[in-house]
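Below, chains carry the letters A, B, ... as their sequence lines are ordered, and counting in each starts from 1. Worth saying up front: this structure is predicted, and the values here are computed from it rather than measured.
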Amino acid sequence: MRNEQVAGFFDDIADLLEILEDNVFKIRAYRKAVLNIRSLSEDVEKVAGVGRLEEIPGIGKDLAAKIAEIIKTGKLKHYEVLKRKVPEGMLELMTIPGIGPKKARLLYEKRGIKSLNELEKKAKAHKISGIPGLKDKTEENISRGIELVKKHSARMSLKEALDLSAGFVSGLKKLPAAGKVIAAGSLRRMKDTVRDIDILVTSRKPQAIMDAFVKMPDVKNVLAHGSTKSAVLTTGGVQVDVRVVDENSFGAALVYFTGSQAHNVHIRHIAKRLGLKVNEYGVFDEKTDRKVAGKEEIDIYKALKLPIIPPELREDRGEIEAASKGRLPELIDVSDIKGDLHVHSRWSDGENSIEEIARAAKAKGYEYIAITDHSESLKVAGGLSERDVLKKIDEIGRVRKKVKGITLLAGVEIDILQDGSLDYRKNILDRFDIIVAAIHAGFKQSKETLTARIVKAMETGRVHIISHPTGRLKGARDPYDLALGKIFRAAKQTKTCLEINAFPDRLDLDDINSRAAKEAGVKLAVNTDSHLVDQLDYMFFGVSVARRAWLEKKDVLNTRGLSELLKFLKK
DNA sequence: GCCGTTTTCGGCCCGACTGTTTTCAGTCG
């Protein structure tokens with residue numbers, strides 16, 4: 001995936017052009033390209049391969065050529081040239097919140113500062129204040145900004161973000177002046193990781209909300225405290241923004257605050273073409289300034305002649321075009337899920353007995369649940385020997401008789417060994433209702449070897465689902481390098497499902513790859529990988545990924561009823 | 001630098017907060 005690399009080059013170029021005070025619209029063009037490349041649902045290298053770069057919005061002849069150059073050489077001449085015109089370290093200074101091109105330039109020209117280290121030293125020694133236009137406050141903000149960048153660069157998992165925002169939302173709801181309170185931003189779009197929490201509040205007394213918000217218990221620093229908009233840093237180092245609007249602007253503000261930025265820019269373009277203007281207060285007639293919508297989200301889209309677009313799709317990845325043609329997908333919902341096909345019991349590294357899992361799944365209203373403990377090789381996770389796994393299958397038989405009203409499937413999360421073979425002999429494999437396969441060791445093999453391993457496992461004809469296909473673990477392990485195109489082709493051919501692993505630290509496949517899988521004709525399965533019955537609720541996170549991937553009910557294996565599922569498992 | 005139901009030139013999304021300033025530039029989302 002070269003998208004981030006390409007976006008990074010263009011982002012830096014935009015910064016450099018800003019320092020050089022180049023044409024603001026040229027800079028904006030680069031910024032737009034950055035947004036669009038980051039939100040691209042496919043690998044830019046692939047797009048380049050088929051000569052369709054210029055179909056990406058915001059990419060014309062010039063930028064397409066630059067992308068091609070980056071892909072071919074890993075470098076960009078234009079970038080090197082610009083970089084030479086700007087003192088070393090200036091881009092680094094601009095990573096500090098509050099420092100843009102103008103201040104970076106001032107700091108360099110008046111104090112010779114060209115690295116974060118120097119900046120930190122000079123700020124501490126009070127050598128910043130006194131530069132024309134910069135005083136004590138700026139100096140303090142710079143010191144704080146440096147601290148901020150040092151601690152707070154990691155993104156939270158969606159789960160952490162939801163937990164954190166829930167505290168602020170309930171606190172704000174308790175305020176007498178508060179009307180509606182809702183978490184917006186990337187959290188509402190259910191992005192798998194979240195940087196900042198954005199909360200929207202309706203009220204007639206915005207100042208009262210603002211004053212109460214900045215004094216909430218978890219607040220460590222106040223970054224901004226205005227009359228309708230404030231930002232704080234929590235004790236955990238997370239930025240929380242709250243914006244207050246009048247109830248009559250709720251819908252418009254919700255669209256604005258939910259984003260994504262690329263989505264917002266796009267709908268504002270559409271508005272402009274219709275002679276309208278969109279801001280966080282409403283949709284207005286550009287000439288008369290008359291308000292034509294604002295109260296509800298659906299009204300905003302309606303004014304733009306669009307159906308309402310689910311928040312999970314608002315990434316400017318084609319959802320606006322699809323909406324205008326009436327071709328938005330009917331997104332899968334948690335209530336469509338009929339069972340969980342990847343759950344661990346106490347037999348390997350889970351915490352609960354099979355009976356407890358069966359009862360918990362039944363209580364969730366599931367039709368079926370698969371108990372899929374680890375196989376022999378995965379010793380660290382209590383992988384079962386062939387002898388023990390047969391005992392486990394017997395136990396499943398006993399629980400079936402005891403717990404009625406749900407179908408228990410005897411399963412395994414089987415290791416795909418270094419050579420691509422499966423971790424049990426054939427006669428043992430015959431005993432399972434469902435086989436989920438995964439790689440748990442040998443991550444550092446080459447891309448070709450890893451890909452071949454998974455393809456070989458699928459070609460045994462025994463595997464129903466490949467679990468957490470890329471192995472990524474948020475904050476702990478990058479996805480291993482796979483030729484996903486090859487994996488998709490093999491999955492389609494062998495009728496193997498790929499998993500969206502709903503565990504909050506995994507969410508693997510991710511939204512972009514899941515969507516690519518769907519487009520390649522592959523079915524997906526959304527499973528929790530629970531090791532504890534409470535974790536069965538993680539299904540919500542997996543379904544969120546599926547929604548962001550444009551998946552419909554029919555694209556997901558475990559939305560099928562039991563008889564349909566059993567037909568598939570016989571394959 | 002991109003783009004077109006305003007189509008190859010002349011536009012380009014929109015507004016809040018801060019700090020330092022006397023009306024606004026810089027920065028952010």
K.L.:
Look at the aromatic rings of His263(A) and Tyr301(A) and report parallel, tilted or perpendicular, splitting at 30° and 60°.
P.N.:
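Because their plane-to-plane angle lies in the 30° to 60° range, the rings of His263(A) and Tyr301(A) count as tilted.
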
K.L.:
Can you list, by residue number, the residues of residues 271-279 of chain A that have a non-hydrogen atom closer than 4.0 angstrom to DNA chain B?
P.N.:
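Within residues 271-279 of chain A, the residues near DNA chain B are Lys272(A), Lys277(A), Val278(A), Asn279(A).
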
K.L.:
Provide the closest heavy-atom pair for Thr228(A) versus Pro206(A) in the form atom of the first, atom of the second, distance.
P.N.:
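Distance-wise, the nearest heavy atoms are CG2-CB, 4.3 Å.
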
K.L.:
Could you tell me whether the side chains of Ser115(A) and Asn117(A) share a donor-acceptor contact shorter than 3.5 Å?
P.N.:
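The answer is no; no qualifying pair exists.
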
K.L.:
Look at the side chain of Asn513(A) and the backbone N and O of Asp510(A), then say whether any donor-acceptor pair between them is shorter than 3.5 Å.
P.N.:
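Looks like no, no N/O pair under 3.5 Å.
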
K.L.:
Listed by chain and number, what are the ring pair (Phe, Tyr, Trp, His ring centres under 6.0 Å) partners of Phe503(A), not counting sequence neighbours?
P.N.:
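Only Tyr538(A) meet the ring pair (Phe, Tyr, Trp, His ring centres under 6.0 Å) criterion with Phe503(A).
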
K.L.:
Give me the distance, rounded to whole Å, that separates dC17(B) from dG10(B) when you measure between the P atoms they each carry.
P.N.:
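To the nearest whole Å, 38 Å.
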
K.L.:
Would you measure the distance from the C1' atom in dG19(B) across to the matching atom in dC13(B) and give it in whole Å?
P.N.:
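My reading of the C1' atoms in dG19(B) and dC13(B) gives 26 Å.
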
K.L.:
Sticking with atom P, work out how far dC9(B) lies from dC14(B), rounded to a whole angstrom.
P.N.:
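Per the computed distance, 26 Å lies between those P atoms.
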
K.L.:
Provide the full list of side-chain hydrogen bond (donor to acceptor under 3.5 Å, both in side chains) pairs with a residue in residues 86-103 of chain A, sequence neighbours left out, each pair given once.
P.N.:
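Matches after skipping sequence neighbours: none remain.
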
K.L.:
Anything under 4.0 Å to a heavy atom of chain A counts; send over the first and last such nucleotide of DNA chain B, read 5' to 3'.
P.N.:
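Counting from the 5' end, contacts occupy dG1(B) to dG29(B).
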
K.L.:
Quick test of your reading of the model: are Asp511(A) and Arg189(A) salt-bridged, counting only N-O distances below 4.0 Å?
P.N.:
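No, Asp511(A) and Arg189(A) are not salt-bridged.
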
K.L.:
Donor-acceptor pair, distance only, cut-off 3.5 Å: does the side chain of Arg144(A) make one with the backbone of Asn221(A)?
P.N.:
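Pair absent, no side-chain N/O of Arg144(A) close to backbone of Asn221(A).
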
K.L.:
If we call it a pair only when both distances are under 3.5 Å in a Watson-Crick or G-U wobble match, what pairs with dG29(B)?
P.N.:
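Paired with dG29(B), as far as the under-3.5 Å criterion goes, is dC14(B).
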
K.L.:
Could you check Pro101(A) against Lys66(A) and say which one's nearest nucleotide on DNA chain B is further toward the 5' end?
P.N.:
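The answer here is Lys66(A).
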
K.L.:
Listed by chain and number, what are the side-chain contact (heavy atoms from CB on, under 4.5 Å) partners of Val81(A), not counting sequence neighbours?
P.N.:
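With sequence neighbours excluded, Val81(A) shows a side-chain contact (heavy atoms from CB on, under 4.5 Å) to Arg84(A), Lys85(A), given in chain and number order.
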
K.L.:
Looking at Phe250(A), does the NZ or CZ of Lys180(A) lie under 6.0 angstrom from its six-membered ring centre and within 45 degrees of the ring axis?
P.N.:
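So Lys180(A) does make the cation-pi contact.
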
K.L.:
Check each residue of residues 7-25 of chain A for a non-hydrogen atom within less than 4.0 Å of any atom in DNA chain B, then write out the ones that pass by number, or none.
P.N.:
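Going residue by residue through residues 7-25 of chain A, the ones with a heavy atom under 4.0 Å of DNA chain B turn out to be Asn23(A), Phe25(A).
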
